[in-house]
Chemist: 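One structure, as structure tokens, below. Some questions next.
Remember, it's 1-based here, ligands and their atoms both numbered in the order they're listed. Quick caveat, the model's predicted, so the values are computed rather than measured.
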Amino acid sequence: MTVDSTSQADLDARAVFDPDVFTTGAPYDALARLRRDTPVHRVELDGLPAVWLLTRHADVTAASRDDHGFSSSTGNTFVEVAAGDHSAMLPSLDPPRHTRVRQLINQAFTKRNVAQLEDRIRAIARGIVDRVVELGEFDAVPEISAELSLQVIAEVLGVPVEDRLSIFDWSNAIGSLGIEDPDYAPTPEALGEAGMAMFAYCNELLEARRGSAPREDILGALLAAEIDGERLSDAQLGEFFLLLAVAGNETTRNTLSHGILALSEHPEQRARVAAEPGVLLDAVEELLRWSTPVLHFRRTVTRDVELHGHSLSKGDWIAMHYLSANRDEAVFDRPHDFDISRKPGPHVAFGGLGTHFCLGAQLARLEIRVMLEELYSRVPHLEVTGEPVRLRSAFFHGIKRLPCTTEGSS
Ligand code: HEM
């Protein structure tokens, strides 16, 4: 197929992958045109294999569920990785290896283990609200969104309070992998150093835990997890530490920031959240759909295949555009309206329900719900007072500054 580099679809697709575009807001019009006219579009990006951009909900979910046709073995972002034979980096594994590692890790991420965290998450959320009430005027990104996500990662990993500041710094450095924003991008050296430091810290923590009585928390369950005599090695547990730092940081952070912004822009919905915390279960799903903090993930085509009349070749990449799928008018009524009374639909903020469906989905839902419950019950008029500063990234849908006041007028 020849590519007309001046076609509207080509311009739209380039906008979708241009980090600068996102500093003024996601290119919803471009995504809508692509969904309507060219739902599978080939994009040439510098130094990368051909990328096929999938924008419709049906295609994103179908690809997510087809591990045979679309592999994760060289990674799921535009940075190519090669997972070793013994790696526990779930996002870069295909079944059957992925199934085995995921079963091991799932033994720790049970509903019960996650639910047990609720009291701790509530205590963290209350501490955060105390502080913002005291401040009155503040930036919600560092004070609320980032703080909660980091505290919860530390909690999940069983990191003692006195070590948390280091974990925060390393998580932020590692978690910014793939962000093209100069305010965040660490140097390759800083990234490498954070990875090494986190690995070394993980080894010390594991040693200390093994030398003391077993504890019934997620780390305890990870240490005990076993299938047919196979356990997670220290190196694999170290990888898992790094994975959580990447997967649980920017994601939850940005969902919360988008939530505070959306509720400030819709005071009538904010009033409902403050008065009827029961609405939050559905409201969190709407917020996930609306914000879609991970914009896209990629897979590699494993065999030549036809899709909407296009020939995808083995080795090509596909980008499953979650934000586009979550605004697909074929699936969601009035997709561009933020509406917490919407009955939750099949949003793909956590992926398209395939093998790699987000391991932290229940934890993330819990964190977001509890934080919003605590926040709006104490600060019902929380208001954004200035323009949000958006993250320069075509991968994370982020907000990096969000000036707020607890004394909103409405
Ligand atoms: C709102 C917050 C979050 C969002 C939007 C999100 C989104 C996603 C998405 C889109 C995927 C890929 C799904 C796929 O490829 O089909 C994923 C995978 C993953 N997420 Fe999350 N995530 C969030 C929070 C978390 C948290 C808090 C954790 C930590 C426990 C976490 C851990 C993971 C892991 C380990 C994977 C890889 C799973 C695998 O490959 O089997 N995520 N997440």
Side-chain angles (χ1 to χ4, degrees), residues 54 60-67 70-73 75-77 81 83 87-95 97-106 108-110 113-114 117 121 145 148-157 171 175 178 218-219 221-222 236-237 239-259 284-300 318-323 325-326 347-372 395-398:
L54 273 50
V60 167
T61 47
S64 299
R65 293 171 198 182
D66 181 2
D67 297 308
F70 303 105
S71 164
S72 297
S73 66
N76 62 359
T77 68
V81 296
S87 170
M89 274 297 183
L90 289 169
S92 320
L93 301 178
D94 282 334
R97 176 79 194 143
H98 176 273
T99 315
R100 202 176 170 82
V101 176
R102 178 99 186 206
Q103 279 170 349
L104 271 168
I105 290 174
N106 276 345
F109 275 80
T110 56
N113 277 350
V114 170
L117 282 170
I121 294 176
S145 318
L148 181 84
S149 314
L150 290 165
Q151 293 274 6
V152 173
I153 292 174
E155 196 66 38
V156 168
L157 297 173
S171 294
I218 289 183
L219 183 58
L222 280 174
Q236 290 172 331
L237 286 163
E239 282 181 326
F240 193 64
F241 255 61
L242 297 191
L243 179 55
L244 288 200
V246 179
N249 189 357
E250 283 291 327
T251 49
T252 317
R253 173 188 305 204
N254 287 317
T255 315
L256 275 168
S257 304
H258 279 288
V284 168
E285 296 310 309
E286 172 64 350
L287 183 49
L288 285 158
R289 180 194 75 84
W290 170 257
S291 61
T292 314
V294 180
L295 291 163
H296 63 86
F297 267 146
R298 92 160 156 97
R299 299 284 190 264
T300 303
I318 59 164
M320 304 172 293
H321 212 278
Y322 301 129
L323 180 66
N326 279 343
H347 72 72
V348 292
F350 292 124
L353 279 185
T355 315
H356 292 273
F357 185 78
C358 177
L359 174 82
Q362 291 310 333
L363 175 62
R365 288 179 163 121
L366 178 69
E367 282 180 57
I368 297 160
R369 175 175 60 77
V370 169
M371 185 71 243
L372 297 180
F395 175 62
F396 284 123
H397 191 199

Chemist: For atom 1 (C) of ligand 1, which protein heavy atom lies nearest, and how many Å away is it?
Modeler: Thr255 OG1, 3.2 Å
Chemist: Under a 3.5 Å threshold, yes or no: a donor from one side chain and an acceptor from the other, between Thr355 and His98?
Modeler: no
Chemist: Between CG of Leu288 and CD1 of Ile368, what distance do you get to the nearest 0.5 Å?
Modeler: 5.0 Å
Chemist: Examine the proximity of ligand 1 to Val156 and report which part, side chain or backbone, both or neither, has a heavy atom under 4.0 Å away.
Modeler: neither
Chemist: Return yes or no for this condition: an N or O of Asn76 is under 3.5 Å from an N or O of ligand 1.
Modeler: no
Chemist: Of the backbone atoms (N, CA, C, O) and the side-chain heavy atoms from C-beta on, which set of Thr251 has a member under 4.0 Å from an atom of ligand 1: side chain, backbone, both, or neither?
Modeler: both
Chemist: For Ala364, take its heavy atoms, then give the atoms of ligand 1 lying under 4.0 Å from any of them.
Modeler: 1 (C), 2 (C), 24 (C)
Chemist: Among the heavy atoms of Ser64, does any lie under 4.0 Å from an atom of ligand 1?
Modeler: no
Chemist: For ligand 1, find out whether one of its N or O atoms is nearer than 3.5 Å to an N or O atom of His356.
Modeler: yes
Chemist: If the cut-off is 4.0 Å to any non-hydrogen atom of Leu288, which atoms of ligand 1 fall inside it?
Modeler: 1 (C)
Chemist: Counting heavy atoms only, which of Phe350, Phe297, Tyr322 comes nearest to atom 4 (C) of ligand 1?
Modeler: Phe350
Chemist: Please identify which atoms of ligand 1 are closer than 4.0 Å to at least one heavy atom of His98.
Modeler: 39 (C), 40 (O), 41 (O)
Chemist: Pick, from Pro91, Gly352, Cys358, the option with the minimum heavy-atom distance to atom 18 (C) of ligand 1.
Modeler: Cys358
Chemist: Does at least one non-hydrogen atom of Arg365 fall below 4.0 angstrom from an atom of ligand 1?
Modeler: no
Chemist: Looking only at protein heavy atoms, which one is nearest to atom 27 (C) of ligand 1, and what is the separation?
Modeler: Gly248 CA, 3.6 Å
Chemist: Just need the protein heavy atom nearest to atom 7 (C) of ligand 1, so name the residue and atom and give the distance.
Modeler: Ala349 O, 3.4 Å
Chemist: Do Ser171 and Asn249 pair up side chain to side chain, a donor and an acceptor below 3.5 Å, judged on atom types alone?
Modeler: no
Chemist: Could you identify the single nearest non-hydrogen protein atom to atom 25 (C) of ligand 1 and state the distance to 0.1 Å?
Modeler: Ala247 O, 3.4 Å
Chemist: For atom 34 (C) of ligand 1, what is the nearest protein heavy atom, given as residue, atom name and distance?
Modeler: Leu359 CB, 3.8 Å
Chemist: What atoms in ligand 1 come closer than 4.0 Å to a heavy atom of Gly351?
Modeler: 10 (C), 13 (C), 16 (O)
Chemist: Angle class for the Phe395/His296 ring planes (parallel below 30°, perpendicular above 60°, tilted otherwise)?
Modeler: perpendicular
Chemist: Report, in ascending order of atom number, the atoms of ligand 1 lying under 4.0 Å from any heavy atom of Phe109.
Modeler: 30 (C)
Chemist: Using distance alone, determine whether Arg102 and ligand 1 share an N or O pair under 3.5 Å.
Modeler: yes
Chemist: Parallel under 30°, tilted from 30 to 60°, perpendicular over 60°: which one fits the rings of Phe240 and Phe109?
Modeler: perpendicular
Chemist: Within a distance under 4.0 Å of any heavy atom of Pro293, pick out the atoms of ligand 1 and give their elements.
Modeler: 5 (C)
Chemist: List the closest protein heavy-atom neighbour of atom 29 (C) of ligand 1: residue, atom name, distance to the nearest 0.1 Å.
Modeler: Leu244 CD2, 3.5 Å
Chemist: For ligand 1, is there an atom lying under 4.0 Å from some heavy atom of Val348?
Modeler: no
Chemist: Number the atoms of ligand 1 from 1 as they appear, then name those within less than 4.0 Å of a heavy atom of Leu243, with their elements.
Modeler: 35 (C)
Chemist: Should Arg299 be counted as touching ligand 1, given the test is an N or O pair under 3.5 Å?
Modeler: yes
Chemist: Can you tell which part of Ile153 has a heavy atom less than 4.0 Å from ligand 1: side chain, backbone, both or neither?
Modeler: neither
Chemist: I need the nearest protein heavy-atom contact for atom 28 (C) of ligand 1: residue, atom name and distance, please.
Modeler: Gly360 CA, 3.6 Å
